[in-house]
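Single-structure report; data block below.
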Amino acid sequence: MRFSRFFLPTLKETPAEAEVISHKLMLRAGMIRKLAAGIYSYLPLGLRVLRKVEAIVREEMNKAGAQEVVLPMVQPAELWQESGRWEFYGKELLRFKDRHARDCCLGPTHEEVITDLVRREVRSYRDMPLNLYQIQTKFRDEIRPRFGLMRGREFVMKDGYSFDVDEKASGKTYLAMYAAYQNVFRRLGLQFRAVEADTGSIGGSFSHEFMVLAETGEDTIVSCTGCDYAANIEKAEVVWSEKGQIKSNTPSRPMEKVATPGRRTVEEVTTFMGIPPQQLVKTLIFLVDGQPVAVLVRGDHEVNEIKLKNLLQAREIALADEALIRRITGAPVGYSGPVGLPVKIVADQAIQGMYDCVAGANEEGHHLVHVDAGRDIHADLYGDIRSVTAGDRCPRCKQPIRLSRGIEVGHIFRLGTKYSEALKATYLDGEGQERYMVMGCYGIGVSRIVAAAIEQGHDESGIIFPVAIAPFDVLLLPVNVNDTVIREAAEDIYHEFLSRGVHVLLDDRDERAGIKFKDADLTGIPFRITIGTKFTKEGLLEIKVRGTGETLFVTREQLVQTLLNMHSERIPRCLQQG
RNA sequence: CGGGACGUGGCUCAGCCUGGUAGAGCACAGCGUUCGGGACGCUGGGGUCGGAGGUUCAAAUCCUCUCGUCCCGACCA
């Protein structure tokens, strides 16, 4: 490709709308442009990267025995009503009516459609295992799209679905997909980690997320320093033991109400009373499927809403608003306490055995002291409802854990028979028995990977693409196209690369060298070959590696061999074929 | 949806508080010089100041409504 003819509008300045690095750089490097909130056009450079990611995903899926299909993006409401998700999925599902006033939606995911397809075609255990996938634009009407491609409303996703005869076979498929995902992310050249995850609205019994490690990630990952346990914080289990609890063998003193005027937060109250936060019972009022519930955690802990939701098997939970809190507790926010509350009380396991602690008195400006959990707190339910903190231990091996940030780029689920039961997807087994198919589903955020790769690979000057997904392998940079020697050498090299199948971008623009160098750095092409005075005077070409900054000078004759020797996945393969 | 910020040539922003003939830099077009890290000079084109309504002799500026965008929270590949 010739730069002079390439639609690559780079920007010197960052548009005001971009906040995170990948978004800024994708706009500046002319990869994407925004049409509306969370909706972007891919320009040629961005599309080339997207296509390379897709190609790797496709190859690995095919290798793992999955077959590619393309399912409709517009879907009838009936299917979603059948699965129950027409109600459940919420406003993220973009709904509309066609000209006949039939309810439709844009596909945010395709469990319904694929299950419908398979239930019509597959009747026998002989037709399984069956594993189908597609790479397609999805639409989810996110409440708050953000960070450019990181959380768009429209995004490219690989979604795959497997159908097996039983749990055992499904587990095998799951493992095969797990391995395929490892291969995908390894080949993409990303630093990543597979973690145990919550299953969210997709449902099912078991799942792993694939996280690209990056500070800007929206997810927190808990990983063990001793073993290979890793989980999303939404899911990570808390190891609880009686040890380390504040306990005493002496009987409690009676509860007592003390004035704590104006002290509402944990910090304010504990500082005021001169106690550690572990000695406070934090009481939060939640609205669980419309019912108020008091949720207790220790002062130094945070409620994990996902765990709470799962424990209560609730559809929807949210913190209560000020008015409701006042109605239930009789006090403003900051003075809620478990003693005498007329609602269901759910407590974290760490609350058990808390002794001589402090809690809100359900009265403005007052707290209770000498509260003994066993005597004074009558929880309806104890469970693991808090998030792991940095001080916790690994639930597997009890070694210290570590918290880090990640971007979720893949998610695999074991669905069991959730959808096959809802949609009556059955087959006949060897004994002629009708059985439900056992499903799995497997997603990869293709467009998000592009953003994640940039989050992980960039410097002050611009993008540093992994070789595997770079839009071009090589950038040829003739410093001055008005110099005949330089221009002809560039054309010569350009044509050799083209004939060898190397993806090469020739910056044949009649621009100053500085502009070309800046664009070269910005667009992140792994290898830059500069043809300048060093060539006209000494016959030397400069190879610069974008990622490492390493530069070396070679003759025209040495060029191909040198690139061949340089460590990269793609370049050698192309060059060798030539 | 709750909280915050912001909409002024293609981009980055000033002007608004204190109403009085729309500005700068970059980008773009032409000419000249320059030519290995976002050059310089001269000339030129381009904005009904997001939109609607109001106040006023007069609105980018003040008021009301509205649309859009971004950030923080609930959602998720």
Side-chain angles (χ1 to χ4, degrees), chain A residues 9-20 23 27-28 30 33-39 53 57 89-93 108-110 135-160 181 197-202 207 209-212 218-219 232 234 286-287 305-306 309 316-319 321-322 407-413 441-452 461-462 477-483 486 510-522 528 530-537 542 544 551:
Chain A
T10 58
L11 264 28
K12 198 186 284 187
E13 283 168 299
T14 306
E17 71 199 43
E19 198 71 18
V20 299
H23 190 194
L27 289 170
R28 284 194 54 210
R33 287 295 183 263
K34 184 180 66 187
L35 179 62
I39 300 179
V53 176
V57 171
Y89 212 97
K91 289 192 185 154
E92 258 173 82
L93 185 63
T109 175
H110 287 242
I135 297 175
Q136 182 199 47
T137 298
K138 296 280 185 279
F139 194 92
R140 293 186 189 171
D141 202 357
E142 295 280 349
I143 303 163
R144 186 155 86 88
R146 58 181 152 174
F147 303 157
L149 289 196
M150 205 93 99
R151 178 170 301 285
R153 289 194 290 170
E154 206 177 275
F155 60 98
V156 178
M157 174 163 137
K158 188 285 298 185
D159 50 324
Y181 271 46
D198 182 71
T199 53
S201 69
I202 304 287
S207 83
E209 287 168 340
F210 288 78
M211 297 282 190
V212 165
E218 293 182 90
D219 288 279
N232 192 312
E234 293 175 350
F286 275 83
L287 213 49
E305 297 195 12
I306 306 273
K309 189 169 158 183
E316 223 182 312
I317 65 168
L319 272 168
D321 59 26
E322 173 107 35
I407 301 164
E408 183 189 355
V409 289
H411 201 160
I412 57 178
F413 303 82
C441 86
Y442 317 94
I444 290 182
V446 175
S447 44
R448 183 181 279 180
I449 283 174
V450 177
S461 307
L477 197 154
V479 155
N480 182 354
V481 292
N482 297 314
D483 182 311
I486 290 176
D510 185 7
E511 289 286 358
R512 296 170 61 84
I515 288 178
K516 295 188 176 190
F517 287 134
K518 291 289 181 190
D519 277 341
D521 290 344
L522 180 60
R528 185 185 85 195
T530 307
I531 309 160
T533 48
K534 204 79 169 175
F535 182 75
T536 52
K537 293 197 179 120
E542 179 197 283
K544 180 161 189 181
T551 57

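Keep in mind that this is a model prediction, so the values were computed, not measured. For the numbers below, each heavy atom of this structure counts, side chains included, while hydrogens, waters and symmetry mates do not. In what follows, chains are A, B, ... by sequence order, proteins preceding strands, each numbered from 1.
Not counting sequence neighbours, H110(A) has no partner by the ring pair (Phe, Tyr, Trp, His ring centres under 6.0 Å) test.
Protein atom CG of D510(A) is 16 Å distant from nucleotide atom C1' of G38(B), rounded to whole Å. Across the protein-nucleic acid pair, K91(A) atom NZ and C1(B) atom P stand 7 Å apart, rounded to whole Å. If you take CZ of F147(A) and C1' of U69(B), they are 15 Å apart, rounded to a whole angstrom. Atom CD of E17(A) is separated from atom P of C71(B) by 9 Å (rounded to the nearest Å). One interatomic measurement links the two molecules: CZ of R140(A) to C1' of A74(B), which rounds to 16 Å at whole-angstrom precision. Rounding to whole angstrom units, NE2 of residue H23(A) and P of U69(B) are separated by 12 Å. If you take CD of E234(A) and C1' of A77(B), they are 13 Å apart, rounded to a whole angstrom.
Nearest-nucleotide positions on RNA chain B for I444(A) and N480(A) put N480(A) closer to the 5' end. Residues N482(A) and F210(A) each lie close to RNA chain B; by heavy-atom proximity, the contact nearer the 5' end of the strand is made by N482(A).
Using a 4.0 Å heavy-atom distance criterion, T14(A) is classed as a sugar-phosphate-only contact.
One cannot find a donor-acceptor pair under 3.5 Å joining the base of G3(B) and the side-chain atoms of R144(A). For C76(B), its base sits under 3.5 Å from the side chain of R151(A) at one donor and acceptor pair at least.
Which of C76(B), C70(B), G73(B) sits closest to the side chain of R146(A) comes down to G73(B). When each of U34(B), C11(B), G37(B) is scored by its nearest atom to the side-chain atoms of R512(A), the top-ranked nucleotide is U34(B). When distances are taken from the side chain of F517(A) to each of C76(B), G36(B), G38(B), the shortest belongs to G36(B).
Across the P atoms, G25(B) and U43(B) are found 12 Å apart, a figure rounded to whole Å. If you take atom C1' in G9(B) and the same atom in G46(B), they sit 6 Å apart, rounded to whole Å. Remark: the separation of the P atoms in C13(B) and G7(B) is 10 Å, to the nearest Å.
In this model, the phosphate group of C11(B) is not approached by any side-chain N or O of R28(A) to a distance below 4.0 Å at OP1 or OP2.
With hydrogens and angles ignored, the 3.5 Å screen pairs no side-chain donor or acceptor of R28(A) with any backbone N or O of E13(A).
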When every nucleotide of nucleotides 24-29 of chain B is labelled 5' to 3' by its protein contacts under 4.0 Å (heavy atoms), B for base, S for sugar-phosphate only, - for none, what sequence of letters results?
-BSS--

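For G37(B), there is no paired base (Watson-Crick or G-U wobble, both distances below 3.5 Å).
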